[in-house]
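Down below is the structure, laid out as structure tokens.
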Amino acid sequence: MTVALIVAAGSGERLGAGGPKALVGVAGRSMLQWSLDALAAVAEIERIVVALPAGVAAPPGVIDVEGGAVRSDSVRRALAQAGAGDPVLVHDAARPMLTPELAEAVIAALRGDRGADAAIAAIPVTDTVKRVDADGTVRETLERSELWAVQTPQVFRRDALGRALAAPAHELARATDDALLIEREGGRVIVVPASDENLKVTTPLDLKLAELLLSARAGGSSAPAPVKPA
Ligand code: C5P
């Protein structure tokens, strides 16, 4: 059975919401609650642990832990409270558009590939991506056909994730996702095609987009009313 970890302990400074990002309301629920509801609908997930800012409690039915100073530290703390279960699914609360189908697809991809240590949701990159120096000079244009933008959920064999999270603190601090830590030690990570709707809410514009998409999904009324002809 799978255990799921949701990291929700970020401050959300770039969103400017004046409080923990995971608790910001989107289409009638907190961002965290949208992810919890999606994962609760996945039959093979037996337990959910949420890493939250100090002093914030998780909703009933899930285990809460205090998050760490950096994202990987929050993952490590959540894993320590996860009890038995393998594989381990890790999801960012900043992605409230998660669907049960995507979580199931990522879990199934790892199950179907015995040689993989992790399976991660991702989409092919549509922009041209360049490496740029600090002074603004373009140094390199990357080959777009090989580039994928990586999302969560990411699903790991438990022993591989445990080993990866034992990396030194300075490496954990630089890890923007957990799969990176597996790659670094030579592990095999596979991508699972996801949807560009599974966006990460970072800026106020992302929040508006998530509000529109989730309102439409919930059949709610907070989407803008259609413009009536004069
Ligand atoms: O910092 P970033 O926006 O990449 O955060 C991705 C996810 O990691 C968010 O859901 C955030 O709440 C979580 N996070 C955390 N603990 C931290 C930093 C980020 O749980 N110290």
Side-chain angles (χ1 to χ4, degrees), residues 3-27 29-40 45 48-59 62-82 88-99 102-103 106 118 120-123 125 148-156 161 164-165 167-183 194 196-211 213-214:
V3 287
L5 317 178
I6 302 182
V7 282
S11 61
E13 272 164 27
R14 288 165 293 182
L15 192 59
K21 179 160 74 176
L23 303 185
V24 169
V26 192
R29 299 179 216 178
S30 69
M31 272 204 264
L32 171 61
Q33 192 64 50
W34 281 103
S35 289
L36 283 172
D37 291 347
L39 293 178
I45 291 179
I48 302 175
V49 184
V50 184
L52 285 159
V56 177
V62 299
I63 301 164
D64 53 7
V65 298
E66 189 177 322
V70 297
R71 184 187 177 285
S72 302
D73 205 23
S74 295
V75 175
R76 205 169 46 78
R77 288 168 179 234
L79 182 63
Q81 298 300 317
V88 180
L89 178 150
V90 182
H91 181 63
D92 287 351
R95 293 190 189 270
M97 304 290 304
L98 175 66
T99 61
L102 178 60
V106 183
I120 64 177
I123 54 171
V125 165
W148 290 67
V150 165
Q151 307 175 346
T152 64
Q154 303 191 342
V155 181
F156 302 87
L161 182 61
L165 291 171
H170 69 274
E171 283 187 21
L172 292 186
R174 282 209 310 267
T176 48
D177 76 347
D178 306 293
L180 165 76
L181 298 166
I182 305 267
E183 297 152 33
D196 54 1
E197 282 202 5
N198 184 34
L199 58 90
K200 182 172 170 195
V201 175
T202 306
T203 65
L205 177 63
D206 301 329
L207 189 60
K208 281 188 189 150
L209 201 49
E211 176 82 35
L213 294 168
L214 286 170

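One-based numbering, in listed order, for ligands and for the atoms of each. FYI, side chains are in, hydrogens and waters are out, and symmetry mates aren't considered; it's all heavy atoms of this structure.
- Between V75 and the choices V7, V88, D92, V70, the side chain to side chain contact (heavy atoms under 4.5 Å, CB included) rule is met once, by V7.
- Salt bridge annotation for D177-R71: absent, with no cationic side-chain nitrogen under 4.0 angstrom from a carboxylate oxygen.
- When every heavy atom of S74 is checked against every heavy atom of A9, the shortest pair comes out as OG-CB, 3.8 Å.
- Taking each heavy atom of H91 and P153 in turn, the nearest pair found is ND1-N, 3.7 Å.
- By the 4.0 Å N-to-carboxylate-O rule, D206 lies too far from K200 to be salt-bridged with it.
- For ligand 1, the 4.0 Å heavy-atom shell contains residues V7, A8, A9, G10, R14, K21, G68, A69, V70, R71, S74, D92, A93, A94, K200.
- Side-chain contact between V3 and V49: absent, with no pair of heavy atoms (C-beta onward) separated by less than 4.5 Å.
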